[in-house]
Asker: 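Here it is, the structure in full.
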Amino acid sequence: MMTANEIRTAFLDFFASKQHHIVPSAPMVVKGDPTLMFTNAGMNQFKDIILGNAEAKYKRVADAQKCLRVSGKHNDLEEVGHDTYHHTMFEMLGNWSFGDYFKEEAITWAWEFLHEKLGIPADRLYATVFEGASDDGLERDQEAASIWERYLPQERILNGNKKDNFWEMGDTGPCGPCSEIHIDLRSDEERAEVSGRDLINRDHPQVVEIWNLVFMQYNRLANGSLSSLPHKVIDTGMGFERLCMAMQGKRSNYDTDVFQPIIQAIANLSGIPYGANEKSDVAMRVIADHVRTIAFAITDGQLPSNAKAGYVIRRILRRAVRYGYTFLGRKEAFMYALLPVLISSMGSAYPELKAQQELIAKVMKEEEDSFLRTLESGIKLLDKKIEELGSKGILSGHDAFVLYDTFGFPLDLTELILREHGMQLDQVGFDEEMAQQKARARNAAQLETEDWVVLHEGESIFVGYDQTDVECRVLRYRKVKQKNKDFYQVVLSHSPFYAEMGGQVGDSGYLMAEDETRYLIRDTKRENNLPVHLMDKLPEDLSQTFHAYIDTDRRRMAEANHTATHLLHKALRDVLGEHVEQKGSFVSPEVLRFDFAHYNKLTSEEIRRVEEIVSSKIRQNITRKEYRNVPIEEAKKMGAMALFGEKYGEEVRVLQYDDSIELCGGTHLPATGMIGTFRIVSESSIAAGIRRIEALTGSNADRYLYEKEDTLAEIKALFNNNPKVVNSIRKLIEEETQLRSEIDLLVRKQMAQKKAAILTQHDYIGSIRFLYLEGEYRADAVKDIAFQLRGELEEPFIFLAATQEGEKCLLSIALSDAAVALGANASNLVRSASSFIKGGGGGQPHFATAGGKDISGLPKAVEYIKQEIQSL
């Protein structure tokens with residue numbers, strides 16, 4: 001039986017023998033494409049070639065690509081672990097042709113690999129071809145069908161509709177018919193009883209699509225019509241995990257050696273054998289799938305967070321933790337301990353896992369610990385809601401959504417706990433809240449683009465490393481609408497404008513027409529490797545020759561920050577150690593931000609040492625050395641640092657300032673002296689094992705220092721310009737601490753006297769003793785009295801305090817356990833009474849508070865509470 005690693009190698013070797021260039025997997029986390037957060041198909045890294053934005057260096061390419069499908073159009077999350085073949089992270093085996101071979105070779109080689117190379121029986125394979133679509137004026141793909149007839153009988157060549165057999169990149173762009181290969185893995189008895197052709201695309205777990213051959217030959221325009229592509233493209237994708245299931249004779253992807261080592265490790269950790277029961281089996285499959293996703297995402301530079309791609313990864317991690325918590329009894333972090341098993345099985349194909357094992361483990365463990373605390377907090381919050389609801393029995397959709405969205409509490413766990421209490425969830429209300437949130441997100445990011453208007457063919461040439469202005473023509477443009485505002489994306493034949501990439505913001509400037517009219521370029525972005533210049537207004541005559549000028553002052557400030565970032569990176573490695581590695585950066589004219597792997601907060605001495613090293617490099621005025629079109633392996637031998645999670649070409653650009661050597665496509669200063677001043681303004685943690693430094697250079701750093709000097713001058717003035725101002729401040733703090741201690745002692749004595757006076761009160765509301773306090777008192781002192789009374793009095797009582805602190809007022813209610821047993825609830829009472837003081841609050845049944853801003857409403861609030869107690 002072939003192992004997973006042997007199957008992957010067999011595929012790549014086969015297509016290498018067919019003159020395909022084997023390329024490494026692109027990072028699973030997408031950068032530079034506003035339409036994607038993650039690589040969800042093998043074609044993503046070739047998107048700019050398919051769109052015609054870049055020339056293909058190789059006409060034939062093959063690879064094994066790590067992918068993630070968890071949101072948007074391709075959302076497999078809810079099926080993961082419950083069926084046999086859906087996953088979040090998966091590998092896609094693919095081969096491509098860019099204007100070279102087409103259907104004949106694609107189908108022939110697919111058959112040769114599956115049947116002749118791997119030995120999959122022909123009678124278990126089916127092929128589908130596009131049946132045509134009258135709305136697009138397309139007929140059946142007879143060409144593909146006739147090729148398949150050489151290998152399969154007609155009864156195993158099926159027609160597929162537009163949904164299944166016509167592939168489209170999006171609403172617009174390259175598209176074309178496709179031919180899917182399906183495999184029937186059922187037993188001979190099952191196959192004799194029901195034909196596999198009747199189960200194609202019917203979600204049968206043993207009759208599954210294994211390979212999709214896409215024949216891109218059309219371009220979908222914005223008006224919905226199709227035009228022929230000048231260069232046809234072959235794009236195939238085969239599910240690696242499904243292929244392993246077929247080759248290893250298994251009935252589930254999870255039974256292959258892709259997943260079994262991880263699943264067995266989970267079983268050992270939990271003490272529950274795999275196969276013991278369905279719920280624990282699902283949990284183990286979910287965790288085995290999700291731990292792969294999380295590890296690869298962190299490796300590729302995407303840390304769990306509360307925004308965008310980071311939120312997706314955090315959600316996947318928390319989903320796995322929740323399954324372990326509920327069905328495997330895992331109350332402590334455990335997924336990070338599965339990393340050695342994952343690396344043992346996948347580390348040879350993806351060595352970046354081993355290289356970053358320590359960081360992955362630390363991030364995962366901290367995220368697990370954090371969410372386990374959230375689960376406990378969420379359960380407490382939900383218990384409180386259940387207690388407040390009493391006999392109502394239905395948790396509102398709003399409350400469930402707050403738990404889900406604000407606290408990260410899983411909805412299915414909310415439903416489970418409610419069922420245990422005989423209660424229900426307002427699912428309709430929750431769905432409405434979710435729909436409103438999605439609508440807000442869509443409105444915020446809504447982008448409508450028209451088709452490109454092509455004025456001239458050709459590729460945009462960037463000259464910005466050497467020139468700040470250049471003569472150019474407009475190659476193409478299109479109108480874009482976002483948030484009801486129109487602007488234009490323009491592609492120039494030659495451009496000095498740096499397009500945002502690698503953390504450096506894009507250039508701004510202007511186009512000058514022949515009559516010297518200037519047209520503002522407010523930003524430059526990169527979409528699918530195509531540099532686009534954003535303009536609010538287009539010249540009327542786009543056929544003329546223009547002159548493009550960048551804003552040189554803004555560029556120089558950005559270059560100062562980018563150059564300083566390189567010096568900072570090297571200085572951090574010198575001070576902290578070689579484990580320091582860039583995990584993200586942002587470079588603008590105003591500020592630089594640098595994220596890096598390190599496990600401890602930097603001391604003030606370490607920060608000062610880093611600043612000193614960078615400042616020394618600036619004073620040395622080190623001249624830049626630049627090497628372009630360097631083979632990647634040669635660049636690594638030079639000592640240039642390659643970052644995990646970045647996709648590098650075979651040739652790269654190397655920037656060197658003395659012993660700082662990095663691969664970088666950004667713009668930089670000719671010499672370090674031009675940076676001027678460098679100052680670190682903050683250092684913080686952004687995730688487990690990841691620190692962030694923000695720094696300023698040049699005039700921005702000067703202003704920062706001036707502000708510090710001004711602040712110090714003001715402080716000195718407050719102390720009569722005493723040269724030993726630090727000693728003066730220290731003495732003032734000591735005196736203030738002593739005074740606070742004396743005040744606290746006085747307050748405690750006063751409140752002891754007040755408590756004694758309260759206990760002389762013998763008013764009753766029915767059978768409940770009524771104790772009352774009013775006046776100006778601190779909130780903590782009132783609370784202290786309340787809990788002392790609860791500890792001293794056994795009879796049913798209510799302690800009500802209507803107090804003031806400054807310009808605000810406070811209602812405090814404490815109830816004895818006996819009063820609570822009679823039906824009184826401090827939280828409900830104070831929440832209702834808070835309307836009289838124009839405030840709000842809450843708490844627990846035995847103690848609650850509410851703050852307000854209308855002191856005049858206190859008497860009405862007190863009277864309301866008395867009446868409510870009377871009604872008991």
Side-chain angles (χ1 to χ4, degrees), residues 29 31 294-318 320-321 332-337 339 352 355-377 406-408 503 561 564-588 590-614 641 643-646 678-696 704:
V29 180
K31 298 175 182 177
I294 298 156
F296 274 100
I298 295 171
T299 298
D300 284 348
Q302 183 54 66
L303 301 171
S305 69
N306 285 329
K308 299 182 180 178
Y311 177 73
V312 175
I313 300 304
R314 175 167 283 170
R315 181 183 173 210
I316 293 172
L317 185 146
R318 290 182 167 187
V321 172
E332 297 177 350
F334 71 98
M335 285 194 299
Y336 75 97
L339 273 179
E352 60 266 32
Q356 302 210 70
Q357 181 175 354
E358 186 178 1
L359 172 66
I360 301 167
K362 189 167 183 67
V363 172
M364 287 178 68
K365 185 177 187 305
E366 184 166 300
E367 284 287 327
E368 288 184 77
D369 287 337
S370 173
F371 186 55
L372 285 166
R373 291 192 295 270
T374 296
L375 277 176
E376 291 181 7
S377 301
T406 305
F407 297 96
N561 281 329
T565 301
H566 285 216
L567 302 181
L568 171 63
H569 190 183
K570 184 63 173 64
L572 286 167
R573 290 170 69 89
D574 290 344
V575 172
L576 304 177
E578 293 299 307
H579 66 279
V580 168
E581 182 182 89
Q582 179 177 334
K583 288 296 173 185
S585 70
F586 174 76
V587 177
S588 73
E590 293 76 29
V591 68
L592 72 87
R593 189 172 67 223
F594 187 74
D595 302 337
F596 58 99
H598 186 58
Y599 304 111
N600 301 307
K601 177 180 174 61
L602 271 67
T603 65
S604 57
E605 291 79 10
E606 287 170 334
I607 292 174
R608 178 64 58 85
R609 181 65 186 135
V610 169
E611 281 187 333
E612 288 173 346
I613 291 173
V614 174
M641 285 184 284
L643 306 180
F644 291 111
E646 292 289 343
F678 173 83
R679 280 293 179 273
I680 293 173
V681 297
S682 71
E683 187 273 343
S684 61
S685 171
I686 60 167
I690 306 294
R691 310 295 299 181
R692 169 173 291 173
I693 278 178
E694 291 194 17
L696 303 173
Y704 170 77

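Counting begins at 1 with the first residue of the sequence. Values reported hereafter were calculated over all heavy atoms of this structure, with side chains retained and with hydrogens, waters and symmetry mates removed.
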Asker: Would you mind writing out the side-chain donor-acceptor pairs for residues 685-693 within the sub-3.5 Å range, not counting sequence neighbours?
Answerer:
| residue | atom | partner | partner atom | Å |
| --- | --- | --- | --- | --- |
| S685 | OG | A687 | O | 3.3 |
| R691 | NE | E683 | OE2 | 2.7 |
| R691 | NH2 | E683 | OE1 | 3.1 |
| R691 | NH2 | E683 | OE2 | 3.0 |
| R692 | NE | D595 | OD1 | 2.7 |
| R692 | NH2 | D595 | OD2 | 3.1 |

Asker: Using every non-hydrogen atom in the two residues, find where Y336 and A361 come nearest and quote the distance to one decimal.
Answerer: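 Looking at all heavy atoms of both residues, the shortest contact is CB-O, 3.6 Å.
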Asker: Looking at residues at least two apart in the chain, or sitting in another chain, which of them share a side-chain contact (heavy atoms from CB on, under 4.5 Å) with A295?
Answerer: L339, L342, L353, I360
Asker: So how far is it from F334 CZ to M364 CE, rounded to the nearest 0.5 Å?
Answerer: 8.5 Å
Asker: Atom CD1 of I316 and atom CD of E367: how far apart are they, to the nearest 0.5 Å?
Answerer: 12.5 Å
Asker: Which heavy atom of Y704 sits nearest to which heavy atom of I680, and what is that distance?
Answerer: OH-O, 4.3 Å
Asker: Could you pull out all residues at least two apart from E612 that satisfy side-chain contact (heavy atoms from CB on, under 4.5 Å)?
Answerer: R608, R609
Asker: Keeping E694 on the side-chain end and S682 on the backbone end, is there a donor-acceptor pair under 3.5 Å?
Answerer: no
Asker: Write down the atom of I313, the atom of A297, and the distance for their closest heavy-atom approach.
Answerer: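 Shortest heavy-atom contact: CD1-CB, 3.5 Å.
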Asker: Return the set of residues passing side chain to side chain donor-acceptor pair (under 3.5 Å) with K365 (not counting sequence neighbours), or none when no residue passes.
Answerer: D369
Asker: Output the distance between atom CG (L359) and atom OG1 (T299), rounded to the nearest 0.5 Å.
Answerer: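 One gets 8.0 Å once the value is rounded to the nearest 0.5 Å.
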Asker: Check side-chain contact (heavy atoms from CB on, under 4.5 Å) between S588 and all other residues, then give those that pass, not counting sequence neighbours.
Answerer: V505, F586, E590, V591
Asker: For K570 versus D574, what's the shortest heavy-atom pair and its separation?
Answerer: NZ-OD1, 2.7 Å
Asker: Test of understanding: with ring pair (Phe, Tyr, Trp, His ring centres under 6.0 Å), list the residues that count as partners of F296, not counting sequence neighbours.
Answerer: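 Ring pair (Phe, Tyr, Trp, His ring centres under 6.0 Å) check on F296 returns Y350.
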Asker: Any side-chain heavy atom of L576 sitting closer than 4.5 Å to one from V610?
Answerer: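 Not touching, per the 4.5 Å side-chain cut-off.
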Asker: Take R573 and E578 through the salt bridge (Lys or Arg N to Asp or Glu O under 4.0 Å) test and state the conclusion after the steps.
Answerer: CA-CA 5 Å; R573 290 170 69 89; E578 293 299 307; 2.6 Å; yes
Asker: For F594 and H569, I'd like to know if the aromatic rings sit close, meaning centre-to-centre distance below 6.0 Å.
Answerer: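 Here the rings of H569 and F594 have centres that are less than 6.0 Å from each other.
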Asker: Would you give the length of the straight line joining atom CG of L567 to atom CG of L572, rounded to the nearest 0.5 angstrom?
Answerer: 11.0 Å
Asker: Tell me, with the steps shown, if L317 and M335 meet side-chain contact (heavy atoms from CB on, under 4.5 Å).
Answerer: CA-CA 9 Å; L317 185 146; M335 285 194 299; 3.9 Å; yes
Asker: Compare every heavy atom of R318 with every heavy atom of S370, then report the nearest pair and how far apart it is.
Answerer: OG-NH2, 4.5 Å
Asker: Enter the distance from L696:CG to L592:CG here, rounded to the nearest 0.5 Å.
Answerer: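 Spacing of CG (L696) from CG (L592) equals 7.5 Å.
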Asker: Hey, what do you get for CD1 (I298) to CD (Q356), rounding to the nearest 0.5 Å?
Answerer: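 I298 atom CD1 to Q356 atom CD measures 9.5 Å (nearest 0.5 Å).
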Asker: Decide yes or no on side-chain contact (heavy atoms from CB on, under 4.5 Å) for H579 and E358, but give the supporting numbers first.
Answerer: CA-CA 10 Å; H579 66 279; E358 186 178 1; over 6 Å; no
